[in-house]
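Along the sequence shown, residues carry numbers from 1.
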Amino acid sequence: MSEGERALVLFSGGQDSTVALAWALSRFQKVETLGFDYGQRHRVELDQRPIVLGRIKTEFKDWSRRLGQDHVLKLDVLKDLGGSALTDAVAIGMGAQGLPTTFVPGRNLLFFTLAAAVAYRRGIKRLVGGMCETDYSGYPDCRDDTLKALQAAINLGMDKRFVIDTPLMWIDKAGTFALGEELGGDAFLTLLIEETHTCYEGDRKHRQDWGYGCGKCPACALRAGGWERYVAARKETRGGWGWRP
Ligand code: ZN
């Protein structure tokens with residue numbers, strides 16, 4: 001198997017990275033996953049990771065053959081840096097820089113650099129992430145230009161030819177649900193709703209139409225809006241989610 005047939009997916013256990021994982025599993029022969037334990041305030045995403053992977057293994061035969069090793073790297077240094085609502089007791093909102101307080105400066109730069117280091121050792125060429133700049137939270141390290149520049153820097157710095165793939169870059173959250181359906185049908189949408197976690201408050205008590213979450217934080221608002229638009233579009237053609245003739 002050539003390096004180009006192997007992919008490493010930045011997999012957090014959230015909705016976007018789970019769709020990015022499905023995208024990779026539909027294209028590449030061997031797909032490994034990488035997560036980071038960086039002292040997140042809420043460890044729910046980390047807890048959901050093995051659950052999502054387990055369900056992919058048992059419920060999706062074609063994908064299960066391709067799903068390889070899962071890696072989790074400790075990245076405590078991000079918590080040591082502090083000052084983010086994702087790692088500290090900071091209120092979620094807009095910060096002084098015009099960026100949400102959930103912003104962890106340079107996080108994706110670190111994540112992809114470390115992913116490339118793992119991929120280098122494991123003979124993997126494709127690095128896949130669920131970043132998106134269409135209806136994103138304003139994080140500059142999710143932008144297409146940032147990641148293209150990073151790809152060039154990593155390739156120069158490691159003397160390799162990695163390709164950073166971001167299949168969600170130009171679609172919105174409704175498009176992410178639609179892509180999920182295209183890749184894995186309603187079974188995969190069900191998995192997305194039931195098991196992936198995006199809520200910044202770490203809420204897995206409240207079950208909304210689109211999954212578990214507080215329903216109020218910016219991540220829940222994005223997910224809820226995307227689901228609403230996706231179901232509305234689906235209703236026009238097929239009677240909506242859960243509709244049976
Ligand atoms: Zn929430």
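Nearest heavy-atom pair across Glu201 and Cys214 is CG-SG, 3.9 Å. Annotation for Leu183 and Val19: closest pair CD1-O, 4.0 Å, computed over non-hydrogen atoms. Here the closest heavy-atom approach between residue Ile171 and residue Cys132 is recorded as O-SG, 3.2 Å. Among all heavy-atom pairs drawn from Ala24 and Val31, the shortest one is O-CG2, 3.6 Å. Closest of all the heavy-atom pairs between Gly130 and Leu168 is O-CD1, 3.7 Å. For Pro218 against Tyr200, the heavy-atom pair with the smallest separation is CD-CD1, 3.9 Å.
Ring pair Tyr230/Trp227 is tilted by interplanar angle, where 30° to 60° counts as tilted.
Between the side chain of Arg143 and the main chain of Tyr139, no donor-acceptor pair closer than 3.5 Å is present. Put simply, the side chain of Glu32 never gets that close to the backbone of Leu67: no donor and acceptor are under 3.5 Å apart. For Arg66 (side chain) and Lys30 (main-chain N/O), no donor-acceptor pair under 3.5 Å exists by modelled atom type. Asn108 places no side-chain N or O within 3.5 Å of a backbone atom of Phe111 that could act as its donor or acceptor partner. The main-chain N or O of Ile164 is found under 3.5 Å from a side-chain atom of Gln151 such that the two form a donor-acceptor pair. At distances below 3.5 Å, at least one donor-acceptor pair connects side-chain atoms of Thr58 with backbone N or O atoms of Gly54. Counting only distance, with no hydrogens or angles, the side chain of Arg6 and the backbone of Gln29 share no donor-acceptor pair below 3.5 Å. Judged by distance alone, with hydrogens and angles left aside, the side-chain atoms of His197 form a donor-acceptor pair with the main-chain N or O of Cys199 at under 3.5 Å. With hydrogens and angles disregarded, no donor-acceptor distance shorter than 3.5 Å links the side chain of Asp37 to the backbone of Lys74. Looking at Glu5, its side chain does come within 3.5 Å of a backbone N or O of Ser2 through a donor-acceptor pair.
In this structure, the side chains of Leu75 and Leu114 come closer than 4.5 Å at one or more pairs of heavy atoms. By the 4.5 Å heavy-atom criterion applied to side chains, Tyr212 and His206 are not counted as neighbours. With a 4.5 Å cut-off on side-chain heavy atoms, Leu10 and Leu127 do not count as touching. Side-chain contact between Ile56 and Leu25 is present, with at least one heavy-atom pair separated by less than 4.5 Å. Under the 4.5 Å side-chain criterion, counting only non-hydrogen atoms from C-beta, Asp186 is in contact with Trp241. With contacts defined as side-chain heavy-atom distances shorter than 4.5 Å, the pair Thr146/Leu109 qualifies. Under the 4.5 Å side-chain criterion, counting only non-hydrogen atoms from C-beta, Ile51 is not in contact with Asp47.
Criterion: ILVMFWY side-chain heavy atoms under 4.5 Å apart, direct or through other members. Under it, Val44 and Trp210 are not part of a common hydrophobic cluster. The hydrophobic cluster containing Leu189 also contains Leu53, counting ILVMFWY residues as joined when their side-chain heavy atoms lie under 4.5 angstrom apart, directly or transitively. Note: the hydrophobic cluster containing Phe112 also contains Val77 (ILVMFWY, side chain heavy atoms under 4.5 Å, direct or indirect links). No continuous path of hydrophobic side-chain contacts links Val163 to Leu21 [ILVMFWY only; heavy atoms under 4.5 Å]. Hydrophobic clustering (side-chain heavy atoms under 4.5 Å, transitive across Ile, Leu, Val, Met, Phe, Trp, Tyr) groups Phe11 together with Leu179.
Annotation: side chain to side chain contact (heavy atoms under 4.5 Å, CB included) contacts of Asp144 (sequence neighbours excluded): Glu133, Lys148, Thr166, Met169, Trp170.
Here Lys125 does not pair with Asp165 in a salt bridge; the nearest charged N to carboxylate O distance is not below 4.0 Å. Look at Lys173 and Asp16 and you find a salt bridge, because one of the NZ, NE, NH1 or NH2 atoms lies within 4.0 Å of a carboxylate O, short of that distance. Remark: Arg161 does not engage Glu3 in a salt bridge, criterion side-chain N to carboxylate O under 4.0 Å.
In this model, no donor atom of one side chain and acceptor atom of the other lie less than 3.5 Å apart for Thr18 and Thr196. With 3.5 Å as the limit, one finds no donor-acceptor pair spanning the side chains of Thr134 and Asp172. Between the side chains of Gln69 and Arg122, at least one donor N or O lies within less than 3.5 Å of an accepting N or O.
Distance CD1/Ile154 to CG/Asp159: 13.5 Å, rounded to 0.5 Å. Atom CZ of Arg55 sits about 10.5 Å away from atom CD of Gln48, to the nearest 0.5 Å. The CG atom of Leu191 sits 11.5 Å away from the CD atom of Gln15 when rounded to the nearest 0.5 Å. In this structure, CD in Glu181 is found 11.0 Å from CG in Leu192, a value given to the nearest 0.5 Å. Taking OG of Ser26 as the start and CG of Asp62 as the end, the distance is 9.0 Å to the nearest 0.5 Å. Distance check: Asp203 CG to Cys217 SG gives 8.5 Å after rounding to the nearest 0.5 Å.
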Quiz item: Could you walk me through whether His71 and Thr33 pass the side chain to side chain contact (heavy atoms under 4.5 Å, CB included) check?
Solution: CA-CA 6 Å; His71 312 264; Thr33 45; 5.8 Å; no
Quiz item: Should Tyr38 and Asp76 be marked as a side chain to side chain contact (heavy atoms under 4.5 Å, CB included) after you check the CA-CA gap, both sets of side-chain angles, and the distance that decides it?
Solution: CA-CA 5 Å; Tyr38 59 93; Asp76 292 346; over 6 Å; no
Quiz prompt | CA sep, side-chain torsions, deciding dist, call: Asp70, Arg49, salt bridge (Lys or Arg N to Asp or Glu O under 4.0 Å) | solution = CA-CA 10 Å; Asp70 180 41; Arg49 289 179 84 258; 2.7 Å; yes
Practice problem: With side chain to side chain contact (heavy atoms under 4.5 Å, CB included) as the test, would you mind laying out the steps for Leu8 and Val128 before giving the verdict? | Solution: CA-CA 6 Å; Leu8 180 65; Val128 183; over 6 Å; no
Quiz item: Which is it for Asp209 and Ile193 under the side chain to side chain contact (heavy atoms under 4.5 Å, CB included) test, yes or no, and what are the steps along the way?
Solution: CA-CA 8 Å; Asp209 291 345; Ile193 292 168; over 6 Å; no
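Checked against the 6.0 Å centroid criterion, the rings of Trp63 and Phe188 qualify as a close aromatic pair.
At most 12 non-hydrogen atoms from other residues, nucleotides or ligands lie less than 6.0 angstrom from NZ of Lys235. Surrounding CZ of Arg121 are at most 12 heavy atoms belonging to other residues, nucleotides or ligands under 6.0 Å away.
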